[in-house]
Each structure stands twice: as structure tokens, then as C-alpha cells.
Amino acid sequence: HNLIDPKLSEKNKRAWARKKEQITLKQKMRPPVAVKDYKPGALVEKDMKFILKMGRFTNWEKQKAKENFWYQHTIIDSFTRIRALGIAENADSKTAVSVHTNAQERLPFAIATMNTDSGSENEKEFSEHLLKEKVVHFYSRSATPTDNPRVERSHLSDELEFYAQGNLYSNFNEQEKAIKEWEHVYNYIRPHQALGYLTPMEFYSLWKRNPKRAYSIKDRYQMYLKKQSKRLRTSRQMKKKEQIENLMKFIDRKLSKTNL
């Protein structure tokens, strides 16, 4: 009925198309699976680990008080497992920016996206820093460490292979020095099963020389994980109703005799 201006409509279509192409830098969601093993720097996971000074509490009345802890800030590339570590005396977002900036300089590639939890150290100044650097900021779900699996797994390695081996200090400079040495071991000396038993830096070098071979190593490991997951599911589950009912009857009989 001549109520629509074709020129205006086309303008709106083009504006909407441009809007759809833009990426929102702050995403209150988990990163898509496709970016996890895409290329170096495509996804970097970040987390903060509380380090109990000398393995014991200084302030027993307030066990969460900051005088009890150092704060380890960890960023790890999801694809290569290359890590950069920083130790700090505070857990606020301003300190997180300082530690992160220093740690990022040691990565041999840029960061495109980052996944963190919703801790206060990842908001305010830190979030603004990522926006300024044009890094897409993804967030894990609350109380769901499996959303940031590779940094969480690396923290387990820290606990078992580093801190539990006596690398806890009361002096900040000594702790910082030890952390830097451990970062070097993790990246250049320690082999990783997920990387075909190469070190992270060896795997990164392989990816630059021969990407096809690097991706095949990743694919093989993912297949291994799927097989392991399937094996565990089938070995732990009783799927038939009759099996479960028989098990419950057995438990009742066993316990009724024992509890008499």
C-alpha cells in the first residue's frame, strides 16, 4: 500500500547484516567447543589459585585472610598447553591486570579469546583491560570447574608436582623465583600425554612446521578420551531395571542380617 520506503528497508537490512557480523567482546557464556583446539591463542583459559604460605595458616581465626596466601594467576593456551604464571600478594582485579600483562608477554602468540570464572579478580579493571585489547571474554558457569578444564588440570599438576615437593616459601621473592622456574619446566621440559608426549613448546614448534601432524596428535588424544569415557560409562552403569531391583533386594537382605 506504498507504506514502505524500499530505500529505507534496504538500509535497515544492511545495518542488521553488519550487526550480525560483529562479535561482542564480553560473552556471559562458555566458549564454543570449536575454538578449543583451533590454533594457538584461539582460546586461553585463566584461573587464580590460592597458595598457602609455607603450607600453614598464619591467621587461624580468619583462614581466608590474605596474610595466609599468595595468589597464583595462571593463563594456559587450550591448544598448545603453553602456560604463563604470575604470583601476587593481592587478589583484586587491578593486580590481575598487572600480573596478566607481564605473563602475556611470555606467550609466543596473541590472545584472541579468554575464558575465566566470574571471580571478582576477573571483573572491573581486568574485564576493561580485555575490552581494550579486543580479546573476547567468555565466562564459565558458577561452581563448574569442568568449563575451564585445562587450567584446572594444570593446577592439579602444580599441586602434585611442585607445591607438594616442598616449593612453598614465606618470602615473596623466593616464591616468585620458584614459580618462574616451574613455568620453564612445564613449558620446555615436562612432556604431556595430550600432546603426544611432546612438551608444549615442542608441540607449538611442530604446529608451525607441520600443522597437519599437530592436529592429528590432538585428534588421536580426543579419540582416546572418548573411548575412555565410554568404557567408564559402560563399566559403571546398570541399565536394566531388573538388575537394579535385584541389587536393591540383595542390599536389603545383607543389611537386615547384619543389623540384627
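Not measured: the values here are computed from a predicted model.
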S.K.: Under the side-chain contact (heavy atoms from CB on, under 4.5 Å) rule, what do W70 and Q72 come out as? Steps first, then yes or no, please.
M.R.: CA-CA 7 Å; W70 308 125; Q72 176 187 320; over 6 Å; no

S.K.: Out of E125, E121, K124, which residue meets the side-chain hydrogen bond (donor to acceptor under 3.5 Å, both in side chains) rule with S93?
M.R.: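 In the set E125, E121, K124, the residue that makes a side-chain hydrogen bond (donor to acceptor under 3.5 Å, both in side chains) with S93 is E125.
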
S.K.: So, does T199 use its side chain to make a donor-acceptor pair with the main chain of E202 at under 3.5 Å?
M.R.: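 Judged by distance alone, yes, a pair lies under 3.5 Å.
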
S.K.: Between H100 and M114, is there a side-chain heavy-atom distance shorter than 4.5 Å?
M.R.: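 When only atoms from C-beta onward are counted, H100 and M114 do touch, with a gap below 4.5 Å.
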
S.K.: Would you give the length of the straight line joining atom CD1 of I189 to atom CE of M201, rounded to the nearest 0.5 angstrom?
M.R.: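 Those atoms lie 12.0 Å apart.
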
S.K.: Would you find a donor on one side and an acceptor on the other, under 3.5 Å apart, between the side chain of S205 and the backbone of F203?
M.R.: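 A pair under 3.5 Å: no.
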
S.K.: In terms of the angle between their ring planes, are W182 and F162 parallel, tilted or perpendicular, with boundaries placed at 30° and 60°?
M.R.: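 Judged by the thresholds at 30° and 60°, the geometry between W182 and F162 is parallel.
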
S.K.: Tell me if a side-chain donor or acceptor on T101 pairs with a main-chain N or O of V97 at a distance below 3.5 Å.
M.R.: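 Yes; at least one donor-acceptor contact below 3.5 Å.
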
S.K.: Look at the side-chain heavy atoms of Ile, Leu, Val, Met, Phe, Trp and Tyr, link any pair under 4.5 Å apart, and say whether Y163 and Y169 land in one connected group.
M.R.: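 No, Y163 and Y169 fall in different hydrophobic clusters.
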
S.K.: Tell me, please, whether F109 has K208 positioned over its six-membered ring: NZ or CZ under 6.0 Å from the ring centre and within 45 degrees of its axis?
M.R.: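 Here K208 fails the 6.0 Å and 45° test against F109.
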
S.K.: In terms of hydrophobic clustering (I, L, V, M, F, W, Y; side-chain heavy atoms under 4.5 Å; direct or indirect links), are L255 and L247 co-clustered?
M.R.: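 Looking at the clustering, L247 is in the same group as L255.
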
S.K.: At what distance, to the nearest 0.5 angstrom, does CG of L85 lie from CD of E181?
M.R.: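 The CD atom of E181 is 12.5 Å from CG of L85, to the nearest 0.5 Å.
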
S.K.: What about V99 and V135, same hydrophobic cluster or not, with Ile/Leu/Val/Met/Phe/Trp/Tyr joined at side-chain heavy-atom distances under 4.5 Å?
M.R.: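 Looking at the clustering, V135 is in a separate group from V99.
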
S.K.: Test side chain to side chain donor-acceptor pair (under 3.5 Å) on R150 and S154 and set out the steps.
M.R.: CA-CA 6 Å; R150 293 173 184 178; S154 77; over 6 Å; no

S.K.: Donor-acceptor pair, distance only, cut-off 3.5 Å: does the side chain of N90 make one with the backbone of D92?
M.R.: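 It does not hold such a pair.
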
S.K.: Is E123 salt-bridged to K28, cutoff N-O under 4.0 Å?
M.R.: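 Salt bridge: yes.
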
S.K.: Look up atom CG in D158 and atom CZ in R83, then write down how far apart they are to the nearest 0.5 Å.
M.R.: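 D158 CG to R83 CZ: 4.0 Å, rounded to 0.5 Å.
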
S.K.: Go through it in stages, so that I can follow the logic: the residues are Y71 and H73, the test is side chain to side chain donor-acceptor pair (under 3.5 Å), and I'd like the CA-CA distance, side-chain angles, deciding distance and then a yes or no.
M.R.: CA-CA 6 Å; Y71 302 96; H73 294 261; over 6 Å; no

S.K.: Between the side chains of K36 and E45, is the shortest nitrogen-to-carboxylate-oxygen separation below 4.0 Å, so that they form an ion pair?
M.R.: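 K36 and E45: salt-bridged.
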
S.K.: Quick one: pull up CZ in F172 and CD1 in I179 and give me the separation to the nearest 0.5 Å.
M.R.: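 Here the rounded value is 9.5 Å.
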
S.K.: Taking the side chain from R81 and the backbone from S78, do they hold a donor-acceptor pair closer than 3.5 Å?
M.R.: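 Answer holds: yes.
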
S.K.: Given the rule that I, L, V, M, F, W and Y join up when any side-chain heavy atoms are under 4.5 Å apart, are L130 and Y139 in one cluster?
M.R.: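 No; Y139 is not reachable from L130 via cluster members.
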
S.K.: May I ask whether W207 and I217 are part of the same hydrophobic cluster, defined by side-chain heavy atoms of I, L, V, M, F, W, Y residues being less than 4.5 angstrom apart, directly or through others?
M.R.: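 The answer is yes; both residues are in one hydrophobic cluster.
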
S.K.: Using modelled atom types only, decide if a donor and an acceptor are shared between the side chain of S256 and the backbone of R253 within a distance under 3.5 Å.
M.R.: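 Judged by distance alone, yes, a pair lies under 3.5 Å.
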
S.K.: Just how far is it from atom CD of Q104 to atom CZ of R106, taken to the nearest 0.5 Å?
M.R.: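 Rounded to the nearest 0.5 Å, the CD-CZ separation comes to 11.0 Å.
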
S.K.: Tell me whether Q175 contacts the main-chain N or O of N167 through its side chain, where contact means a donor paired with an acceptor under 3.5 Å.
M.R.: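 It does hold such a pair.
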
S.K.: Could you label the plane-to-plane angle of the H129 and F126 rings as parallel, tilted or perpendicular, counting under 30° as parallel and over 60° as perpendicular?
M.R.: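 The rings of H129 and F126 sit tilted, inter-plane angle from 30° to 60°.
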
S.K.: Please check: side-chain N/O of N68 versus main-chain N/O of L52, any donor-acceptor pairing under 3.5 Å?
M.R.: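 Absent.
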
S.K.: Does D37 reach the main-chain N or O of Y215 with its side chain, forming a donor-acceptor pair under 3.5 Å?
M.R.: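 Such a contact is absent between D37 side chain and Y215 backbone.
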
S.K.: Would you confirm whether K26, through its side chain, and L131, through its main-chain N or O, come within 3.5 Å as a donor-acceptor pair?
M.R.: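 It does not hold such a pair.
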
S.K.: Are H192 and Y186 an aromatic pair, judged by ring center distance below 6.0 Å?
M.R.: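 Close enough - the centres of the two rings lie under 6.0 Å apart.
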
